[in-house]
Amino acid sequence: MATNTAKQAYVRAKPHLNIGTMGHVDHGKTTLTAAITKVLSERGGAKYVPFDRIDRAPEEALRGITINISHVEYETATRHYAHVDMPGHADYVKNMITGAAQLDGAILVVSALDGIMPQTREHVLLAHRVGVEHVVVALNKADGADPELADLVELELRDLLAEHGYHGVPIVRVSGLRALEGDPEWEASIVALLEAVDDTVPVPVRYTDAPFLLPVENVITVTGRGTVVTGAIERGTVKVGDTVQAVGIGEGFTAVVTGVETFGKTMERGEAGDNAALLLRGVRREQVRRGQVLAAPGSQTAHRRFTARVYLLTAAEGGRHTAVADGYRPQFFLRTADVPGRMDLALEAGPGGGTENGGPTGTGIALPGDTVEVTVELGRPVAIEAGLGFAIREGGRTVGAGTVLAALD
Ligand SMILES: Nc1nc2c(ncn2[C@@H]2O[C@H](COP(=O)(O)OP(=O)(O)OP(=O)(O)O)[C@@H](O)[C@H]2O)c(=O)[nH]1
C-alpha cells in the first residue's frame, strides 16, 4: 500500500459511522446508494459512485484499494459514513446477522409503489434481533406513487416498525432514480434523508481501549506488496508496526502490520468502527481466510465447542416449520465465519439445560419460537468468547439467532 504515487491521508475530522441499506429486492437500494453519492459529490461530501460500479467492481478489489466492493463512503456536514449496499439477499442476511457489517444504523428502503414485502419484514426483524437500534425509512419511488397510496404504505410501515420496537422512525419520501437524473426536487429529498440519518443515528460508543480485533472479511494480494486483509475493526486500534495474531479457521500466525488504509487513504491509526485494509508482512494469501480474526496477540482463542442460548425463529419469521432435535447439523455464522456444526439441546457443563419459556425440557427437541440453551460443536475452530452473537442457517435461510455463554475446552 506504500505506492509510488503518494496516497492521500485520511483525516479524522468527523465521527465515523457505519450504515447500510436494507429492504426488499428491487425496491431501489443500489439506485439510492448511487444517488446519495451523486448528490453529496455535488456538495463536496463524496466521490460519485455510479449504479453499475456498486457491488460490481472486481478490478478495484484486485488493485487492493477498495475496502469491500459493496462499500461506499461519503460525508455530511457532521459525519463521515461508510455505507454498505450488500449485493444479494442471502449475503445481506449473513452479513447483517453475523454482525460483519457492524451497522450503527440502517436505511430501510421501501418502494412506495409496492409497499411492505416479505424481505421488508425479514430485514426489520433481523435488524432488531442483531441490535441495530436506529432505522430511517427511505420511502423510495415516491416520484411514481400516488400520495394517498404512499400515506397508506407509511401507516403500515409504522405498525411493522413498532411491532419490532422501532418508534418515532423518520420516514422520508425520496426518489433515488430522479435524484440520479438530477431533478432538484428529488435531490433535495436525498439531502433530507441524510439529515434524518444524521439526526437519528447517534455516534456509537467505540471500544478503542480494548485489545485490537478485526474479523477478516476479504483477503487480497497486491502484486509486489503482499497480502492485504480487509474488514471492520471491532475493537481497539491498529497502526503500522503493530503485531497481530490470526486466530481461527486455518493455522494461526502472527505478522507485523506494514500499512493501514481506509477507502484508499492511509491512516495513522485505525480505530474501532473503521473499515480498514491492513497490509501484512511476510504473509501468504492462503494463510488468511475469511472467518478468522486478526487480534492483539494472546487476546483471542479459537474453540470448536461452546455453550449458547439460542432463539429459534418461528415459521412466520422465516424460520423452520418443524422442531430441531439433538444432533442437529446446521451452518453457524459467527462474525465473518461460516462453518458447519452440531447442536445438542442441553448445556454440557451447567445446571440442566432445556428452555426458558416453558418449552420441552430435557426431551432433546425444541420448537420454532423456543429459546433454548445448547452445546455447539463446530467443524472448525473459531475465535469464541462469551457474549458473541451468531446466526444459525440451513438451506439458505436463517433459522436461529444465538449468544455464546461460554467457550469449552
Ligand atoms: N420510479 C422509480 N424507480 C426506481 C427508483 N429507484 C429505483 N428504481 C427502479 O427500481 C429498480 C430496482 O432498483 P435497484 O436499485 O436495482 O434495486 P435494489 O433494491 O438495489 O435491488 P437489489 O440490489 O436487486 O436488491 C430499477 O429498475 C430502478 O431503476 C425511484 O426512485 N423511482
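FYI, the numbering just counts along the sequence from 1. Atoms within a ligand are numbered from 1 in the order they appear, just like the ligands themselves.
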Query raised in the report: Does a side-chain heavy-atom distance below 4.5 Å link V238 with M267?
Result: no

Report task. Pick one of side chain, backbone, both or neither for how L177 approaches ligand 1, counting any non-hydrogen atom pair under 4.0 Å. Result -> both

Query raised in the report: Looking only at distance, does S175 have an N or O less than 3.5 Å from an N or O of ligand 1?
Result: yes

Requested in this report: Evaluate the side-chain proximity of Y81 to D198: yes if any heavy-atom separation is below 4.5 Å, no if none is.
Outcome: yes

Query raised in the report: Taking atom 18 (P) of ligand 1 as the point of reference, which of H24, K29, M22, R173 owns the nearest heavy atom?
Result: K29

Report summary line: ligand 1 atoms nearer than 4.0 angstrom to some heavy atom of T31 are 6 (N), 7 (C), 13 (O), 14 (P), 15 (O), 28 (C)

Report task. Identify, with sequence neighbours excluded, every residue that meets ring-ring contact (aromatic ring centres under 6.0 Å, His included) alongside H303. Result -> none

Requested in this report: For the pair H83 and Y74, name the ring-plane relationship: parallel under 30°, tilted 30 to 60°, perpendicular over 60°.
Outcome: tilted

Query raised in the report: Taking heavy atoms and a distance under 4.0 Å, where does H27 meet ligand 1: side chain, backbone, both or neither?
Result: backbone

Query raised in the report: Is there a heavy atom of G144 sitting under 4.0 angstrom from any atom of ligand 1?
Result: no

Query raised in the report: Testing R206, H16, R79, H134 for side-chain hydrogen bond (donor to acceptor under 3.5 Å, both in side chains) with D104, which one passes?
Result: R206

Query raised in the report: Should we count CD of E286 as having more than 12 external heavy atoms under 6.0 Å?
Result: yes

Query - Nitrogen or oxygen atoms of A142 and ligand 1 under 3.5 Å apart - result: no

Report task. Provide the number and element of each atom of ligand 1 under 4.0 Å from a heavy atom of V25. Result -> 24 (O), 25 (O)

Report summary line: Sorted by chain and number, sequence neighbours left out, side chain to side chain contact (heavy atoms under 4.5 Å, CB included) with E271 holds for R12, T208, T237, R269, D274

**Report entry** Where ligand 1 meets D143 - atom numbers and elements under 4.0 angstrom, heavy-atom basis
**Finding:** 1 (N), 2 (C), 30 (C), 31 (O), 32 (N)

Query raised in the report: For ligand 1, is any non-hydrogen atom under 4.0 Å from T30's backbone (N, CA, C, O), its side chain (CB onward), both, or neither?
Result: both

